[in-house]
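A quick write-up on the structure given underneath.
Order of the sequence lines sets the chain letters (A, B, ...), proteins ahead of strands, with each chain counted from 1. Scope of the values below: all heavy atoms of this structure, side chains included, with no hydrogens, waters or symmetry mates. Everything quoted here is computed from the prediction, not taken from an experiment.
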There are 2 protein chains.
Amino acid sequence: MYEVFQKYLEDKTTLTQSESDYIQSFAIIKKLRKRQYLLQEGDIWKYDAFITKGCLRTYSVDEKGSEHVNSFSIENWWTGDRESLMFQQPSRFNIDAIEDSELVLFTHENFEMLCNEIPAFNNMVNAILQKSFIAAQNRIQASLSFTAEEKYLNFIAKYPGFASRIPQTMIASYLGMTPETLSRIRKQTAKK
Amino acid sequence: MYEVFQKYLEDKTTLTQSESDYIQSFAIIKKLRKRQYLLQEGDIWKYDAFITKGCLRTYSVDEKGSEHVNSFSIENWWTGDRESLMFQQPSRFNIDAIEDSELVLFTHENFEMLCNEIPAFNNMVNAILQKSFIAAQNRIQASLSFTAEEKYLNFIAKYPGFASRIPQTMIASYLGMTPETLSRIRKQTAKK
DNA sequence: GCAGACTCTTGATCTATATCAAGTTTTTAC
DNA sequence: GTAAAAACTTGATATAGATCAAGAGTCTGC
């Protein structure tokens, strides 16, 4: 499955053959079964992780025991906990696989070294971060100004295909509503 | 007021005198009166902006005409619209001054050039972006899992000093609640 | 292929927060 | 310094969405 990542790199940046090979030499392939954890609350996250296949979710559990889905990540996206990584502190999140998945991991040490040695790689990484930040801003925006129905419609417009892969309960949690509410919204919008 | 930015740079990174001077040579000083816009909806944002004095707010207006405060930024922080900047598209946001303010602006062209020419500067900029992303994630987290009261308490704990500078109406909007609700929460929590 | 466990749906009821309205206090502008 | 405009408070009422509960579908493991 490393080809998926290689293709992604070709798409997003321009590397010489030797740079590309060099990057590959640090890659760690990781397979996850459905339900398997990539990261558990309390662990310190130490990688940069790219998904070549499957679908993962990042969520936290509050004091009342309710789960809150922070994000979904599918093939050709990155995942992990930047806060835990940056400050080397125990994570407040869990990341697990919604489907059988495959990832390409780099230890953060190696990843930073690659960023320093290969400017094109560094630029790509920064561009991704910028886009992630913009996406986060837009999500905040949506959570402040949208009704439950608008949130759902915005979600399926923005991430078509997700709705069919991910259980509704998790989507509801991601959107900040109960599964019952989402079920009713889906019923209503189906009518129209 | 440029000294404030200079001090910030010294704090966050290590530059030679000539690098520091070089950066300064591209700086544009901008003063804003209270209520004055830095950016209006529909404009294309073209700068990287650092606040040396004062307080600004970024907000959007929805179809019903309600304002939604996206963020506050004070001295020693950055502001702007990354989405408009990155894609050179009309902004959905307004940014205006809550207090008389002063900023250091760089055109994005110059800013990128500085990033390319001065690695230490580039690293600093990336670190800021990382932290901004982490803050955005935490805010999403809060908006999903906190009650109105918890959101307010979290806000004043995280940004002490903001509450006294910023009108409650705007804080309420930032937290995703009505001014009336915030007023009642403040009354309750004052009692305790 | 079946039992148990999830997941989704639907209905009844409840509740946190919104909305509307009016009064009070603070700020702004001349 | 004063009048008008904003900002904040408080009360009464409304409502979107939560919670509780029970039944119907679907998946999963042996």
Side-chain angles (χ1 to χ4, degrees), chain A residues 32-36 54-55 57 59 61-69 72 96-100 142-156 162-192, chain B residues 32-36 54-55 57 59 61-69 72 96-101 142-156 162-191:
Chain A
L32 291 177
R33 298 263 201 78
K34 187 170 175 172
R35 306 238 161 120
Q36 193 180 337
C55 182
R57 106 219 218 235
Y59 67 98
V61 181
D62 69 21
E63 331 76 57
K64 290 156 221 143
S66 330
E67 292 182 2
H68 300 278
V69 174
F72 301 114
D96 65 7
I98 295 177
E99 307 168 354
D100 291 351
S143 91
L144 288 177
S145 59
F146 287 177
T147 62
E149 182 177 357
E150 288 167 340
K151 284 177 197 171
Y152 174 66
L153 294 176
N154 180 55
F155 175 78
I156 54 173
F162 274 43
S164 58
R165 295 171 77 163
I166 300 172
Q168 274 186 51
T169 321
M170 292 183 192
I171 295 175
S173 171
Y174 175 84
L175 296 174
M177 63 187 75
T178 59
E180 292 96 327
T181 295
L182 180 55
S183 174
R184 285 184 250 263
I185 285 170
R186 280 167 56 88
K187 194 184 172 190
Q188 273 172 39
T189 58
K191 265 190 236 160
K192 293 177 190 170
Chain B
L32 290 177
R33 299 259 200 80
K34 186 169 175 173
R35 304 238 163 120
Q36 194 182 336
C55 182
R57 108 224 218 232
Y59 67 99
V61 181
D62 68 22
E63 331 77 57
K64 290 157 222 142
S66 328
E67 292 181 2
H68 301 279
V69 174
F72 301 113
D96 66 6
I98 295 177
E99 305 168 355
D100 291 349
S101 303
S143 91
L144 288 178
S145 59
F146 287 177
T147 62
E149 182 175 358
E150 286 166 341
K151 284 176 197 172
Y152 174 67
L153 294 175
N154 180 55
F155 175 77
I156 55 174
F162 273 43
S164 57
R165 296 171 75 163
I166 300 172
Q168 274 185 51
T169 319
M170 292 182 192
I171 296 175
S173 171
Y174 176 84
L175 296 174
M177 63 187 75
T178 60
E180 292 96 327
T181 296
L182 180 54
S183 175
R184 285 184 249 263
I185 285 170
R186 280 167 57 87
K187 194 182 172 191
Q188 274 173 40
T189 58
K191 264 191 235 160

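Remark on DNA chain D: of its neighbouring residues A:T147 and B:L182, the 5'-side contact belongs to B:L182, judged by nearest-heavy-atom nucleotide.
Taking only side-chain atoms of B:A148, from C-beta outward, the nucleotide of C:dT17, D:dA7, C:dC8 with the closest atom is C:dT17.
Phosphate contact (OP1/OP2 of C:dT9, side-chain N/O of A:K187, threshold under 4.0 Å): absent.
When the P atom of D:dC8 is taken as reference, atom CD1 of B:I166 falls 11 Å away, rounded to whole Å. When rounded to the nearest whole Å, the span between OH of B:Y152 and P of D:dC8 equals 11 Å. Between B:E150 atom CD and C:dT17 atom P there is a gap of 9 Å when expressed in whole angstrom units. Taking atom CE of B:M170 as the reference point, atom C1' of C:dT27 lies 13 Å away to the nearest angstrom. In this structure, the CE atom of A:M177 is 16 Å from the C1' atom of D:dT19, given to the nearest Å. For the pair A:Q188 CD and C:dG11 P, the interatomic distance rounds to 12 Å; values are reported in whole Å. For A:Q168 and C:dC6, the CD to C1' distance is 14 Å, given to the nearest whole Å. Distance B:L175 CG to C:dT17 P: 12 Å, rounded to the nearest Å.
A:S143 pairs by the side chain to side chain donor-acceptor pair (under 3.5 Å) definition with B:S143, not counting sequence neighbours. A search for salt bridge (charged side-chain N to carboxylate O under 4.0 Å, His left out) contacts involving B:E67 returns B:R57, not counting sequence neighbours. For the side chain to side chain donor-acceptor pair (under 3.5 Å) test, residues two or more places apart in sequence or in another chain that qualify with A:T181 are A:T178. Applying the side chain to side chain donor-acceptor pair (under 3.5 Å) rule to A:Q36 yields no partners; only residues at least two apart in sequence or on another chain are considered. Under the ring pair (Phe, Tyr, Trp, His ring centres under 6.0 Å) criterion, A:F155 pairs with A:Y159, A:Y174, sequence neighbours left out. Partners of A:E99 by side chain to side chain donor-acceptor pair (under 3.5 Å), not counting sequence neighbours, listed by chain and number: A:R165. Shown here are the side chain to side chain contact (heavy atoms under 4.5 Å, CB included) partners of B:S183, two or more places apart in sequence or in another chain: B:Q168. Every residue two or more places apart in sequence or in another chain was checked for a salt bridge (charged side-chain N to carboxylate O under 4.0 Å, His left out) with B:R33, and none qualifies.
When every heavy atom of B:L144 is checked against every heavy atom of A:V69, the shortest pair comes out as CD1-O, 3.5 Å. Closest approach of B:H68 and B:D62 over heavy atoms only: NE2-OD2, 2.8 Å.
Taking the screw axis at each terminus of the helix from C:dG1-D:dC30 to C:dC30-D:dG1 from five consecutive base pairs, the angle between the two is 70° to within rounding of 10 degrees.
The closest side-chain heavy-atom distance from A:F162 to A:I171 is not below 4.5 Å.
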Quick test: give all pairs of protein nitrogen or oxygen and nucleotides 19-24 of chain C nitrogen or oxygen below 3.5 Å, distance rounded to 0.1 Å.
residue: C:dT19; atom: O4; partner: B:R184; partner atom: NH2; Å: 3.0
residue: C:dC20; atom: N4; partner: B:E180; partner atom: OE2; Å: 3.1

Measure all distances between protein nitrogen or oxygen atoms and nitrogen or oxygen atoms of nucleotides 24-30 of chain D, and list the pairs falling under 3.5 Å.
residue: D:dT28; atom: OP1; partner: A:K34; partner atom: NZ; Å: 3.1

